[in-house]
Student: 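Below is one structure. I have some questions about it.
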Amino acid sequence: MNITTKQFQILTDINLVWDFMVETYDAEADGAQAPFFEYAIQSSWMDTSYCYLDRLWFDGDKVVGFVFYENPITDIYFKIRPGYEFLAEEMIDYAEENMPGFDGKQQMMLFNGQEYLMELLKKRGYHCEYDYEELHFHFSKELNAELPEGYHFVDPMTADPLKLAKMFWYGFDNHLENGPFENWDKEDASYQWSPAKSYKGVIGPIIAPSPHSTHQYDVIIADENEEYVCFSGMWWVEENQLAYMEPLCTVPEHRKKGLAVAALSKHHHRMKALGATVMTGGANPFYEKIGYGKGTHWYCFKK
């Protein structure tokens, strides 16, 4: 084997990382799926100023390992190609010595299927700080919630960017800390609002899509006044038969009306027809209530 390394560079290596994560995807022990990294790195909430610390391992010209952070930057992740588990010690060494730590806040984020990494960390004095299950929807089931009366779907490819920005502002509760969505275009406004800073990075991909985004499959719901009130993003990874749903939000006054489950039902019917077998979700009890089940188990290890 000819093992080499290089530091990650956003403009040249984004496709390398995507292909590596697609190739090493395992539905039973999938860890971080391909969109997990790309969605984060193009989002406004992600601090990319330390991405030069992310490191790739190669065997010849084949990517066999990747150490990277997400949000917060002290959460460190590992992706190792099967058959190259012997690199784990070296990759942990690199993470401990070089990845962001900041006053002992560094945490190693692992998944089911990475038990060998967990054992190595335990020998170094780490313990599991917490764990949780990210629930997935398996398409052997059905999800058939109807869109409530008074609402309609909007074509994501002709959606109004400003309406989307406003929806995300309230949908992610930014107004609770930063006030109402107003004066966004006033240079002398006391609060300077910017779409790129406010709504989890969704407008950016619509104006300048990231390489593997599939915004044509996003679901947008509007009310009778044509205000956008619910959004569910979709990354379709055909090679993995994976419908990666991210993000999902509803404007506060339209919550608990069945909009989110209607959006996910729309995803279900559309993505199943394309060949999807699983759709990602989250750890919120909402997902279990509507039929989501076993998915990816997360473990946070800390010294």
Side-chain angles (χ1 to χ4, degrees), residues 10 14-15 18 22 33-46 137 139 143-172 174 181 184-185 193-251 254 257-281:
I10 293 177
I14 193 71
N15 288 327
W18 178 273
V22 168
Q33 305 96 334
F36 175 79
F37 179 76
E38 189 166 314
Y39 170 66
I41 209 167
Q42 53 84 59
S43 296
S44 60
W45 45 261
M46 174 75 168
F137 187 84
F139 284 16
L143 194 57
N144 294 308
E146 295 290 334
L147 191 63
E149 186 177 352
Y151 297 93
H152 60 275
F153 294 111
V154 175
D155 182 352
M157 304 312 291
T158 60
D160 184 324
L162 187 56
K163 286 185 178 182
L164 277 172
K166 181 180 179 181
M167 178 193 63
F168 281 106
W169 184 257
Y170 292 105
F172 285 108
N174 287 311
F181 182 89
W184 63 272
D185 61 345
W193 177 84
S194 165
K197 296 179 181 178
S198 68
Y199 65 89
K200 307 288 184 183
V202 175
I203 293 290
I206 292 174
I207 295 174
S210 56
H212 303 97
S213 59
T214 54
H215 290 291
Q216 66 270 33
Y217 301 123
D218 292 344
V219 173
I220 303 169
I221 298 174
D223 65 9
E224 293 175 316
N225 299 315
E226 297 300 330
E227 290 292 327
Y228 299 169
V229 296
C230 181
F231 179 94
S232 184
M234 177 53 60
W235 298 69
W236 168 228
V237 188
E238 183 176 5
E239 300 92 329
N240 299 149
Q241 298 177 297
L242 173 67
Y244 188 91
M245 189 280 299
E246 186 72 52
L248 174 64
C249 75
T250 304
V251 171
H254 295 272
K257 294 184 178 181
L259 297 182
V261 66
L264 294 174
S265 295
K266 178 86 167 177
H267 282 320
H268 169 258
H269 294 296
R270 177 186 287 163
M271 307 317 292
K272 186 174 183 178
L274 293 176
T277 58
V278 67
M279 177 165 59
T280 62

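All figures in this text were calculated on a predicted structure; none of them were measured in a lab.
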Student: Would you please name every residue forming a side-chain hydrogen bond (donor to acceptor under 3.5 Å, both in side chains) with K272, sequence neighbours left out?
Tutor: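 By the side-chain hydrogen bond (donor to acceptor under 3.5 Å, both in side chains) rule, K272 matches E142.
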Student: Return the minimal non-hydrogen interatomic distance between D218 and P156, and the atom names on each side.
Tutor: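 Heavy atoms of D218 and P156 come nearest at O-CG, 3.5 Å.
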Student: From I10 CD1 over to I41 CD1, what is the distance, rounded to the nearest 0.5 angstrom?
Tutor: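 I10 atom CD1 to I41 atom CD1 measures 4.0 Å (nearest 0.5 Å).
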Student: Could you please spell out the steps behind the side-chain contact (heavy atoms from CB on, under 4.5 Å) verdict for F36 and T280?
Tutor: CA-CA 11 Å; F36 175 79; T280 62; over 6 Å; no
Student: Under the side-chain hydrogen bond (donor to acceptor under 3.5 Å, both in side chains) rule, collect the residues that match up with K163, sequence neighbours excluded.
Tutor: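 Once residues adjacent in sequence are excluded, K163 has no partner under the side-chain hydrogen bond (donor to acceptor under 3.5 Å, both in side chains) criterion.
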Student: Examine distances only and state if a side-chain atom of D223 and a backbone atom of Y151 form a donor-acceptor pair shorter than 3.5 Å.
Tutor: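 Looks like no, no N/O pair under 3.5 Å.
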Student: Are F139 and V278 packed together at the side-chain level, in the sense that at least one heavy-atom pair is separated by less than 4.5 angstrom?
Tutor: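 Not in contact.
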Student: Going by side chain to side chain donor-acceptor pair (under 3.5 Å), name the pairs with one or both residues in residues 229-249, residues two or more places apart or in two chains.
Tutor: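 Those involving residues 229-249 are S232-H267.
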Student: For H212, enumerate each residue passing the side chain to side chain contact (heavy atoms under 4.5 Å, CB included) test, keeping only those at least two apart in sequence or located in another chain.
Tutor: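 Partners of H212 under the side chain to side chain contact (heavy atoms under 4.5 Å, CB included) test: N15, W18, E38.
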Student: Other residues, nucleotides and ligands only: do more than 12 of their heavy atoms fall within 6.0 Å of CD on E226?
Tutor: yes
Student: First locate atom OH of Y217, then atom CE of M271, and finally report the distance between them rounded to the nearest 0.5 Å.
Tutor: 6.0 Å
Student: Set out, in order, the CA-CA distance, both residues' side-chain angles and the distance that settles side-chain contact (heavy atoms from CB on, under 4.5 Å) for F231 and V219, then state yes or no.
Tutor: CA-CA 6 Å; F231 179 94; V219 173; over 6 Å; no
Student: Holding to side chain to side chain contact (heavy atoms under 4.5 Å, CB included), I want the full list of residues that pass it with T250, two or more places apart in sequence or in another chain.
Tutor: C230, H254, R255, L259, A260
Student: Pair K166, Y228 - check side-chain contact (heavy atoms from CB on, under 4.5 Å), show working.
Tutor: CA-CA 8 Å; K166 181 180 179 181; Y228 299 169; over 6 Å; no
Student: Atom NZ of K266 and atom CD1 of I220: how far apart are they, to the nearest 0.5 Å?
Tutor: 11.5 Å
Student: Measure the shortest side-chain to side-chain distance between E227 and V251 over non-hydrogen atoms and say whether it is less than 4.5 angstrom.
Tutor: no
Student: Is the Y170 ring parallel, tilted or perpendicular to the F181 ring (thresholds 30°, 60°)?
Tutor: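 Tilted.
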Student: Within the side chain of T214, is there an N or O that forms a donor-acceptor pair under 3.5 Å with the backbone of M234?
Tutor: yes
Student: With N144, which residues qualify under side-chain hydrogen bond (donor to acceptor under 3.5 Å, both in side chains), at least two apart?
Tutor: H269
Student: Please determine, by modelled atom types, if E224 and H152 share a side-chain donor-acceptor pair under 3.5 angstrom.
Tutor: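 No, because no side-chain N or O of E224 sits under 3.5 Å from a partner of the opposite role on H152.
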